[in-house]
Amino acid sequence: AITKIKARQILDSKGIPTVEVDMYTNKGMFRAAAPSGDLDKIYERSELRDGDKGKYLGNSVSKAVRNINEKIAEALIGMDPTLQSQIDHTIMDLDKTESKAELGVNAMLAVSMAACKAGAAEKEVLLCKHIADLSGQSGLILPVPAITVISGGKHAGNNLAAQEIMILPVGANTFEEAMQMGSETYYHLKAIILEKYGSIGCNVGEDGGLAPNITDFREALDLVKEAINRAGCNGRIKMAMDVAATNFCVGNKYDMDFKSPDKSGQVFKTGEEMAEMYAQLCTVIYFVCQTIQFVSIEDPFDRNDWLHTKAFTDLGLCQVVGDHLLSSDPKRLERAIDEASCNGLLLKINQVGTVTDAIEVAKQAKDGNWGVVISHRSGETEDSFIADLAVGLATGQIKAGAPCRGERVAKYNQLLRIEEELGEQAVYAGENWRSPEIL
Ligand code: PGA
Ligand code: ZN
């Protein structure tokens, strides 16, 4: 049974306060911490921050910590940690608001994850196995990592509007091999950027991607293509991009130079022009160079631009993932599945709030025959929970940043450990990254 819960404020990878929880049971102490994304999360459930400008510029989380140490602890002490859905419902019931702003999603999630770890220990199984049991999933599958190699958008100080360019080592035989391919490609890319743009181009963004000062998406993808070639991974690594277009949508146009301070190079594109550019990226890269394909795009348009998102999805050129568009919200997901607006869900656990809710929303997407990408946030911690979540839910895809920086590799390193632990039984999603169940 749960005997004690103790929360505290710690710092995330951006140096911004977040919530950490220690949960005690007869089996020991289980620790979890909540990640956090960029501000302005209008369709996500709400974090609770103190708003006291004198402390961490308003970002301290002492109220959320107190909610755990007082309200949530009182409700959960004595409960069986293996009963995840009961625990999560108990937490959810403590806050009747739709947005969960009263308790704070940061408070809820940290407790929910800690309970999940305690539950796995109680059953004496791996965390990923416990999650698989909770979700009714039979097979454990190591996901293809979408490794960030170039950062831009709000996550880096260069001029690139798109937020992340990623590589997917789908041709690896194991997760370990995928990480080696990803890491080697990253270092080849670093050398290429050093040659072309000098050492300043090798600064990294919040998720660890390199941040050369370029604006053209095609130029960025070409650099990555060259790195894949140099790494000898031609044909075995595919490319993907998170545009996070909401961040540079002005009215109904897209400002491709939104970070330029003097706005001298301001370039606006319409939704149609953006769609045309993406289609070209898919087809030019696909047809000219058969072996290095551009296979997945996230948030190619504004979070409320359902029309262009659907029209682009209809072209069937690549996986279209909704992050800001869906915000892991079941209602927005339902609409998107009904209207076939896109065909992939970016699942961020702190957008939903509890492990149980995360499992539900993943199932909803899978039932719609969608791809599911388990995702990090720009503000991360050393907690590697999402690694086990991706394996347990057998999503086949995880996005956890660059193959460097502690809070990013914490997830990849945990996946290496899981693969080792599963031994002969370990299955890497590989070419079946979008529908690993068929393995
Ligand atoms: P965020 O970025 O965590 O800052 O929202 C991640 C993403 O957009 O995928
Ligand atoms: Zn995103």
Side-chain angles (χ1 to χ4, degrees), residues 12-16 18 33-47 49 59 105-106 109 143 145-157 160-168 204-209 211 217 240-249 254 258-259 278 296-305 309 318-329 332-333 336 341-353 358 361 365 371-381 383 385-386 390 395 397-402 405 407-408 410-411:
D12 72 15
S13 59
K14 296 180 185 175
I16 295 174
T18 189
S36 180
D38 275 334
L39 306 174
D40 178 25
K41 313 172 183 80
I42 55 173
Y43 298 119
E44 303 179 21
R45 281 183 162 155
S46 301
E47 290 174 340
R49 297 199 178 271
N59 287 314
V105 85
N106 39 357
L109 179 67
I147 300 170
T148 311
V149 291
I150 290 186
S151 289
K154 277 195 177 175
H155 290 182
L160 184 67
Q163 192 172 274
E164 291 175 75
I165 292 177
M166 293 164 275
I167 52 172
L168 280 64
V204 300
E206 277 166 357
D207 26 32
F217 291 11
M241 176 155 60
D242 177 9
V243 185
T246 304
N247 289 333
F248 57 95
C249 182
Y254 296 88
F258 80 105
K259 289 182 281 182
Y278 299 138
S296 182
I297 194 161
E298 181 182 327
D299 286 340
F301 304 95
D302 180 66
R303 63 183 155 201
N304 289 315
D305 195 345
T309 307
C318 66
Q319 173 179 252
V320 180
V321 179
D323 170 16
H324 297 160
L325 180 84
L326 307 169
S327 300
S328 308
D329 171 42
R332 290 179 76 86
L333 178 58
S341 313
C342 52
N343 50 33
L345 165 72
L346 195 86
L347 178 51
K348 290 166 165 169
I349 44 177
N350 77 322
Q351 289 178 330
V352 278
V361 81
V372 178
V373 189
I374 300 294
S375 173
H376 66 165
R377 300 303 313 246
S378 49
E380 266 297 336
T381 71
D383 196 319
F385 186 86
I386 60 168
T395 58
Q397 304 184 62
I398 189 170
K399 164 173 124 164
R405 296 180 67 121
E407 76 283 4
R408 310 296 149 186
K411 283 68 170 169

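The residues of the chain are indexed from 1 along the displayed sequence. Each ligand, and each atom within it, is numbered from 1 in the order the structure gives.
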**Complete:** In Asp242, the N/O/S atom nearest the Zn ion (ligand 2) carries the name OD2
**Asked** Would a distance-only check, ignoring hydrogens and angles, find a side-chain to backbone donor-acceptor pair under 3.5 Å from Thr246 to Arg303?
**Response** yes
**Message:** Could you measure the distance from the CD atom of Glu298 to the CG atom of Asp323? Nearest 0.5 Å is fine.
**Reply:** 4.5 Å
**Request:** Identify, for atom 6 (C) of ligand 1, the protein heavy atom at the shortest distance, and state residue, atom and that distance.
**Result:** Lys348 NZ, 3.5 Å
**Interfacing atoms of ligand 1 (cut-off 4.0 Å, heavy-atom, Gly37)** = 1 (P), 3 (O), 4 (O)
**Asked** Can you tell which of Ser327, Gly401, Ser378 gets a heavy atom nearest to atom 1 (P) of ligand 1?
**Response** Ser378
**Prompt:** Are the side chains of Lys399 and Ser296 in touch, meaning some heavy atoms are under 4.5 Å apart?
**Reply:** no
**Request:** Verify, without hydrogens or angle tests, whether Tyr278 (side chain) and Pro300 (backbone) share a donor-acceptor contact under 3.5 angstrom.
**Result:** yes
**Asked** Using a heavy-atom cut-off of under 4.0 Å, does the side chain or the backbone of Asp299 touch ligand 1, or both, or neither?
**Response** neither
**Fill in**
The protein heavy atom nearest to atom 5 (O) of ligand 1 is Arg377 NH2, 2.7 Å
**Request:** Heavy-atom distances under 4.0 Å are what count here, so tell me which part of Lys154 touches ligand 1: side chain, backbone, both or neither.
**Result:** neither
**Request:** Return yes if some donor-acceptor pair links the side-chain N/O of Ser327 with the main-chain N/O of Asp329 below 3.5 Å, else return no.
**Result:** no
**Message:** So if I count the atoms of ligand 1 from 1 in the order they appear, which ones are less than 4.0 Å from some heavy atom of Asp242?
**Reply:** 7 (C), 8 (O), 9 (O)
**Request:** Could you tell me whether Arg377 and Asp12 make a salt bridge, using a distance below 4.0 angstrom between a side-chain N and a carboxylate O?
**Result:** no
**Item:** Any N or O of Ser375 closer than 3.5 Å to N or O of ligand 1
**Value:** no
**Asked** Considering only protein heavy atoms, which is closest to atom 2 (O) of ligand 1, and at what distance to one decimal place?
**Response** His155 CE1, 3.2 Å
**Numbering as shown, the atoms of ligand 1 that approach Asp323 to under 4.0 Å (heavy-atom distance)** = 7 (C), 8 (O), 9 (O)
**Message:** So, 4.0 Å and heavy atoms of Glu206: is ligand 1 close enough to count as a contact?
**Reply:** no
**Request:** Heavy-atom distances under 4.0 Å are what count here, so tell me which part of Leu346 touches ligand 1: side chain, backbone, both or neither.
**Result:** side chain
**Item:** Option nearest atom 9 (O) of ligand 1 (shortest heavy-atom distance, choices Gln163, Lys14, Lys399)
**Value:** Lys399
**Item:** Donor-acceptor pair between Asp242 and Gln163 side chains, under 3.5 angstrom
**Value:** yes
**Item:** Distance (rounded to the nearest 0.5 Å) between Leu325 CG and Asp299 CG
**Value:** 6.5 Å
**Message:** Quick check: do Ser328 and Leu347 have side-chain heavy atoms less than 4.5 Å from each other?
**Reply:** yes
**Message:** Is the shortest side-chain heavy-atom distance between Ile147 and Met166 below 4.5 Å?
**Reply:** no
**Prompt:** Against heavy atoms of Glu298, which atoms of ligand 1 measure under 4.0 Å?
**Reply:** 9 (O)
**Asked** Rounded to 10 degrees, what angle sits at the Zn ion (ligand 2) between Glu298 OE2 and Asp323 OD2?
**Response** 100°
